[in-house]
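Below: the structure, in structure tokens.
Small disclaimer: the values here were computed from a predicted structure and weren't measured. Per chain, numbering begins at 1; letters A, B, ... match sequence-line order. Atom set for the values below is all heavy atoms of this structure, side chains included, hydrogens, waters and symmetry mates excluded.
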There are 2 protein chains.
Amino acid sequence: MLTIGKLGASAGVKVPTIRYYEQIGLLPEAERSAGNQRLYSQKALERLAFIRHARDLGFTLEAIRDLLSLSDQPDQPCAAADAIVIAQLAEVESRLARLGALKVELQRILTQCAGGKIANCRVIEALGDHSLCATDHRYPDLGATI
Amino acid sequence: MLTIGKLGASAGVKVPTIRYYEQIGLLPEAERSAGNQRLYSQKALERLAFIRHARDLGFTLEAIRDLLSLSDQPDQPCAAADAIVIAQLAEVESRLARLGALKVELQRILTQCAGGKIANCRVIEALGDHSLCATDHRYPDLGATI
DNA sequence: CCTTGAAGCTCTAGTTACTAGAGACATTAG
DNA sequence: CTAATGTCTCTAGTAACTAGAGCTTCAAGG
Ligand SMILES: [Zn+2]
Ligand SMILES: [Zn+2]
Ligand SMILES: [Zn+2]
Ligand SMILES: [Zn+2]
């Protein structure tokens, strides 16, 4: 049995984060010691490591919740799990495309600066006017994660 | 003079977002009509378009605040503005690197699935165990934007 | 046995950049 | 003049934590 501190150190997750995961129901309520402190089994460590790793791979907590509940049902077909991973890959690819365009545009903007005063700086101007842009980096709001 | 709705339509920014920008001091308090409705000048439209475009380029509101205050001081050297753009470029490149690693890893994980039941699915297993990963995608917390 | 420091507990609030909704007032088209 | 749309303020909610206050429990040293 591990205390919350040991668990966090083992899984690479901060203690308040573990309590947060419990609070939102991503981790089950932990057993408690006589003194009301949380105690964790090896299985709990595995579950937390799964969460941590999936977070590192960019999955949302919602997706992780689904993955965990799937992994608790071993005789279901795995297509649902794969679909979540495929969706995450698509998300990553979409972000990559967007960020690639941003990179190109920012580099291009930076080349416009010849130094000097702000009044003459083409960088400020380029930031203000999309019609000076070479690429179309205006995508409908991709949210934000990773 | 534009109403808030026209302003938003012109700049491609939703009305509540404009009010939010005013609330956090990114836009100055707008003039008001006799009936207490906000009225905006052409200059306000330019400022809002600047904000919108900079957001599209992934700048945070904090960075945009700094850029705006720099652009209000035309005889300052432009190095400070450039530095903000350079930092943003670095941020974008760092995210690109991270996302590139994630993409590779997610693709690799997906190849492990041979279909079938979850109990045998290597995808779930791979998600749970970083030692099965081929790349090192564990970077110290990059926050999240874009 | 006692003390002290670290680790744990609960609870609240703050972060980013908005978005949604309630309930009231203003403006405009027909 | 009325109905529809637009605008007003204010509050609260989103994702995934993080920080802090004020309290209790635990482990080790003297
Ligand atoms: Zn410059
Ligand atoms: Zn542009
Ligand atoms: Zn599978
Ligand atoms: Zn991994």
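For the pair B/R38 and D/dT9, the criterion of a side-chain N or O lying under 4.0 Å from OP1 or OP2 is met. Side-chain nitrogen and oxygen atoms of B/R32 include none within less than 4.0 Å of the OP1 or OP2 phosphate oxygen of D/dT7. Residue B/Y21 places at least one side-chain N or O closer than 4.0 Å to OP1 or OP2 of C/dC18.
Between the CG atom of B/L2 and the P atom of D/dT7 there is a distance of 11 Å, given to the nearest Å. Between A/I64 atom CD1 and D/dA15 atom P there is a gap of 13 Å when expressed in whole angstrom units. Atom CZ in B/R52 sits roughly 9 Å away from atom P in C/dC18 (whole-Å rounding). Going from atom OH of A/Y40 over to atom P of C/dG8 covers 10 Å, rounded to whole Å. Atom C1' of nucleotide C/dT16 and atom CG of B/L26 are separated by 13 Å, given to the nearest angstrom. The distance between atom CD of A/E31 and atom P of C/dG8, rounded to the nearest whole Å, is 16 Å. Rounding to whole angstrom units, CG of residue B/L61 and C1' of C/dT15 are separated by 13 Å. Summarising the geometry, the separation between OH on A/Y20 and C1' on C/dA13 is reported as 15 Å, rounded to the nearest angstrom.
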Test log, rule salt bridge (Lys or Arg N to Asp or Glu O under 4.0 Å), inputs B/R108 and B/E105: CA-CA 5 Å; B/R108 208 190 50 77; B/E105 203 54 55; 2.7 Å; yes
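With a 6.0 Å radius and a threshold of 12 heavy atoms from other residues, nucleotides or ligands, A/Q112 has its CD atom above the threshold. Residue B/E31 qualifies as open at atom CD: its count of foreign heavy atoms under 6.0 Å is 12 or below.
Along DNA chain D, the nucleotide nearest to A/E62 and the one nearest to B/Q23 differ in position, and the one closer to the 5' end is contacted by B/Q23.
For residues 9-19 of chain A, proximity to DNA chain D is found at A/K14, A/T17, defined as any non-hydrogen atom under 4.0 angstrom from a strand atom.
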Which donor-acceptor pairs under 3.5 Å do side chains of residues 124-134 of chain B form with protein atoms, sequence neighbours excluded?
unit_1: B/E125; atom_1: OE1; unit_2: B/R122; atom_2: NH1; d: 3.2
unit_1: B/D129; atom_1: OD1; unit_2: B/S131; atom_2: N; d: 2.9
unit_1: B/D129; atom_1: OD1; unit_2: B/S131; atom_2: OG; d: 2.8
unit_1: B/D129; atom_1: OD2; unit_2: B/S131; atom_2: OG; d: 3.2
unit_1: B/H130; atom_1: ND1; unit_2: A/H53; atom_2: NE2; d: 3.2
unit_1: B/H130; atom_1: ND1; unit_2: B/H137; atom_2: NE2; d: 3.1

Identify each donor-acceptor pair in which a side-chain atom of residues 76-84 of chain A lies under 3.5 Å from a protein atom, sequence neighbours left out, and give them as a table.
none

Return all side-chain donor-acceptor pairs below 3.5 angstrom for residues 14-21 of chain B, not counting sequence neighbours, or 'none' if the list is empty.
none

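Considering only residues two or more places apart in sequence or on other chains, B/A30 meets the side-chain contact (heavy atoms from CB on, under 4.5 Å) condition with B/E22, B/R38, B/Y40.
Checking side-chain atoms of B/Q88 against main-chain N and O of B/G58 turns up a donor-acceptor pair under 3.5 Å. Although no hydrogens or angles enter the test, the distance criterion places a donor-acceptor pair under 3.5 Å between the side chain of B/R52 and the main chain of B/G12.
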Reading 5' to 3' through nucleotides 1-6 of chain D, protein heavy-atom contacts under 4.0 Å coded B for base, S for sugar-phosphate only, - for none: -----B
